[in-house]
Amino acid sequence: MAKRLMLLILVSIIIIPLVGCESPGHSYRPDENTLYVGTVQTSFPSAYMPWLSREGIAPTIAGMLYDSLFVYDEDSGNYLPAIGREWYYVDEDGEPILTEDGSIDYARLEEIYGDPEQEFLAVKVIIHDTITWSDGEPLTVEDIYYSFDIATNNQLSNHAGALAWTSDLRHKYTNGVLTQQGLFTYDHGAARQGYEIPMEDKDTVIYLHVNKVLGSVTPLFTSVLILPEHVWKPVVTRESQLNSTSPNEEILYHYSHPVGSGRWVLDAEESGSQQIILHRRKDYHRTKEDGSPLIGIDTIKYVLYQEINVAIYALLKGHIDVLSSSVSSNYLRLFENEDDLFVSNAPGQFTQTLVFNLNPVSSERNPMRDLLQNRDFRKAMALAINQEELIARVLDGAGLPASAGLMSASLEEFYNPAADSLPADYSTRIEEANAILDSIVPEKDGDGYRLLGDQRISFQILGSPGEQDVISFLQIQLQKIGIEVKYAAKGTQPESTYLYTSRFDMTLHGVTFSLSNVDIMYPAHFQTLGRTSNYGRLVNEELNNGIHEMRFTLDLNTKYDLIKRIQPMIAEEYYKVPLYTPNVISVARTDRFEGFRVVEGATVMNTESLENLRKTKGGR
Amino acid sequence: MKYTYVIKRILYSLFVFAVVITLNFFIPRIGVDDPAERYYPPQGNMSEIEYEIIKQVTRQQYGFHVSTGQQYMNYLKGLFQGDLGTSFRPGSPAVIDLILERLPWTLVLSVSTMLIGVTIGILFGVLAAVKRGRWQDTMLLNASTIMVALPAFFIALILSFYLGFELEIFPAYTDSTMVSGFTWTWEGIRRVAQNAALPVLSMVVGSIISYAQGTRNAVIAVTNEDFVLTARAKGLKQSTIRYKHILRNSMLPIVTSLGMSISGLIGGQVVIEQVFNWNGMGTLFLEANNSNDYPLMMGIMLLLSGFTIFAILVTDLVYVLLDPRVTVGDKR
């Protein structure tokens, strides 16, 4: 009896887990109007309050559910309409400061606001009058006021990022009390401030006071996703803040059931930690020129994959239409002979650089690091770096050389070729580099490495395991000038462990400079000492002055000229030496949808693609 | 004597747990000047003043503004109330809720793997021991060698690609609606079983071989004992000798191995869960690590260490049942 019972248990143990094991036997893409998008993440978020979304796919989804005032166009340097329709700098009476052709009159702007007594710039924003929230309520300037107001009032928002976005807005709270008003609508003191808003425009006009920096409107216009006042105002209190560590039921409900003004609305019931479903909003205020919807597909289903190889195989086997994550160039060969695939090998925007620790804090100085203080020594190293070879070997050719001025050459109007003054021919460069080093450290050891005293000149490059490839090739290139470099693991907290404390020789660091971020990024990378991206603590008076002048000029043309002038200064420091700008490689299937677009710096799952997708003729 | 042993073991386990709680609190704080920096790592586009404001807000928000000693007392107070703290995730969910949400899914994999692994492993082990030196035994030894060389990650990917994507015998990865659409119906259970098949298969092969190897060695060791020879001399039936004398006495090392496996039940298999998109504790830990969510990491580590201490305690107590000679602090 006991034996039979044991046998039964044994059989059950084996059979029960396997009883349902059979092929799924269903199509992975059952709905023909749904775009199935694979994403490589560890988990999908459960909260969609856009200001809380900092990691993984959350910011992307937030940007689809919510809109900001404007969208910055890197190519033209203009702000394109989103919630906002138009904007102007205005004079004290609220009148736009424009030239006859309708563009910003920077000469008058300088004339009016150049006076040091004048403390702020006034900006007028007019929003579209046809926008509704996804629950049907109209969107008005009171929603804009509420969003900026709560962002500056930490007692209600408890949101650190929001404080940073609005740091240039002259609307301040102290201990929950409004101490300086910098936002004005019809209902919030515009008339008192001297800004006349006609009754019929009361829902569409808002004035902002911002710091006297042309770039100060950028985060306000593009980073702050506008929140619905009617949803959040009734539930947010000092006890139950917008970003609450102990949110009550109502707040939690709103986190997971977002009401936005973007092109998409979340299917909160069907979405979870493994999938996100978005439906196109049929009442979205912006349309194509012919009045048809901006987006041609009805639904997007994001499917979670935690492992990139599984995600790629799922795409190849037709389980999904698009892979929204970028893939390594190693996979390009895998896609070569596949039918129905669209491979986007888009030029990238970020540049990988080699950063020298040229000015360590005194306790971290040593004779080797002292060598890095010598600009000629750094120049020799820059000369020995062959970007073309790195791109061919490390990126399988999927990348472009970067400018020494660190501004993308694709930004034709702003890129300054004078920054790239080193010879193009590599053998000439090596010759020049060796000549420089022969005058600084002429002695060599038996292996051909240069000596400092009786010590071989050797540096460590901090990097992640994935960067070992590039460091290995740098090792080979720098060997040609007798300099030894070695890989050193940077760990999970490199800023606190090494970078801010000067405990490194060199490190790899990706940088992206564009017109929209130079006001913030130039000081962070080249000016501010301590706890910024200026890891090697560069101090250059001339560069500092240039950056300061560029930031505070009120003439956009002067600003652009200064950006051009700064590029050679950056290049000639040989402080952040460019290695390459990797392409963004991504892939989609074309058996059901076609019209995918290649967009610089983006994967194939980009806004332009979504606006152009249509069903493939004869496709499934 | 046995009661004293049991009380001593329990007190010892409580002491170890107290040490673990303390280490669990302090270790994440080592090497970081300000815990707020873990929550909000510095970003290149912030000025020092802005970052200082951000850190002040964060310190206040998560209770880092008081002294470390006070934070420790608050942590202990929370633990006694069953509060493992709140995660850094949007919406600040309670750590315990996040763990309880994922734990059952990890248990599905680990318990299935353990049950199948132990049962078949012991059977194979006994078989290999009985057929020592013959093809069954040789096969087990060779399989053990191969399994040592093959990482679970590799097996998982091979199984997913061939049995899942190519042959479509099993789902290659977890259906995205398995968790959200789960119901306690036959269909619901069948779907879970269907999705669990490949992850369990990936883990169970190694588990079977490991238990089989352990059992084989233990059985062979016991078979050579004098009391087995005596039992044979007494003319007892072969099956009685095998199951009543040999197998029972071979159980001690197997119980140890089982105890260790139980402690690993709730930790999840990070790599296996990752390959198969299984929403369990392993991936939760990975998420916590990737996002610097150290209240969540602390919660998971505390649970894991608590469970390990408990499993070791239970193993020690089971030893006493299996072998009355086992005591602690016996100076004889």
Side-chain angles (χ1 to χ4, degrees), chain A residues 10 13-14 16-24 42-43 45-47 49 52-53 55 58 154 158-161 163-164 167 243-247 252 255-256 270 272-275 303-307 309-310 313-314 317 492-493 495-497 500 517 520-521 523-525 528 530-533, chain B residues 31-33 37 40-42 44-48 50-51 53-55 57-58 61-62 86 89-93 112 115-116 119-120 123 157 160-161 165 168-180 189-194 196-197 200 273-275 277 279 283 286-287 289-291:
Chain A
L10 178 62
I13 282 172
I14 298 166
I16 288 173
L18 297 177
V19 75
C21 301
E22 58 188 52
S23 168
T42 44
S43 166
S46 55
M49 213 305 266
L52 308 185
S53 313
E55 278 157 8
N154 193 55
N158 194 28
H159 191 275
L163 284 177
S167 60
N243 179 22
S244 179
T245 46
S246 51
L252 276 178
Y255 282 170
S256 57
E270 292 295 321
S273 59
Q274 299 271 295
Q275 65 173 19
V303 183
L304 180 85
Y305 295 94
Q306 296 181 25
E307 217 285 324
N309 296 296
V310 176
Y313 230 79
K317 288 286 170 186
T492 54
Q493 299 279 323
E495 280 88 2
S496 321
T497 323
Y500 291 159
N517 71 15
I520 298 165
M521 288 301 184
H525 280 266
T528 315
R531 298 200 169 270
T532 64
S533 304
Chain B
V32 178
D33 305 335
E37 287 183 10
Y40 219 114
N45 60 352
M46 286 177 193
S47 70
E48 272 185 83
E50 282 164 3
Y51 191 49
I53 296 170
I54 283 171
K55 283 196 293 184
V57 172
T58 310
Q61 197 175 354
Y62 289 95
T86 54
R89 290 175 175 215
S92 306
S112 311
L115 286 179
I116 298 171
T119 315
I120 300 179
L123 282 178
L157 277 178
S160 172
F161 289 165
F165 284 116
E168 297 194 349
I169 297 171
F170 302 107
Y173 51 88
T174 312
D175 178 354
S176 59
T177 57
M178 184 192 81
V179 174
S180 58
I189 293 167
R190 202 183 68 86
R191 277 188 68 201
V192 173
Q194 192 178 5
V200 168
E273 289 183 6
Q274 226 183 332
V275 170
N277 282 4
N279 224 13
T283 48
L286 198 67
E287 286 163 34
N289 184 54
N290 290 348
S291 57

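Naming convention: chains lettered A, B, ... in sequence-line order (proteins, then strands); numbering from 1 in each chain.
In this structure, chain B has heavy atoms under 4.5 Å from both the backbone and the side chain of A/Asn309. At a 4.5 Å heavy-atom cutoff, the contact between A/Tyr305 and chain B is made by backbone and side-chain atoms alike. Contacts of B/Phe165 with chain A are made by both backbone and side-chain atoms, with heavy-atom separations under 4.5 Å.
Of the inter-residue distances, the one linking A/Gln274 atom CD with B/Thr174 atom OG1 reads 6.5 Å to the nearest 0.5 angstrom.
Between A/Glu307 and B/Leu157 the shortest side-chain heavy-atom distance falls below 4.5 Å.
In terms of heavy-atom proximity, A/Gln306 sits nearest to B/Asn277 at N-OD1, 2.8 Å.
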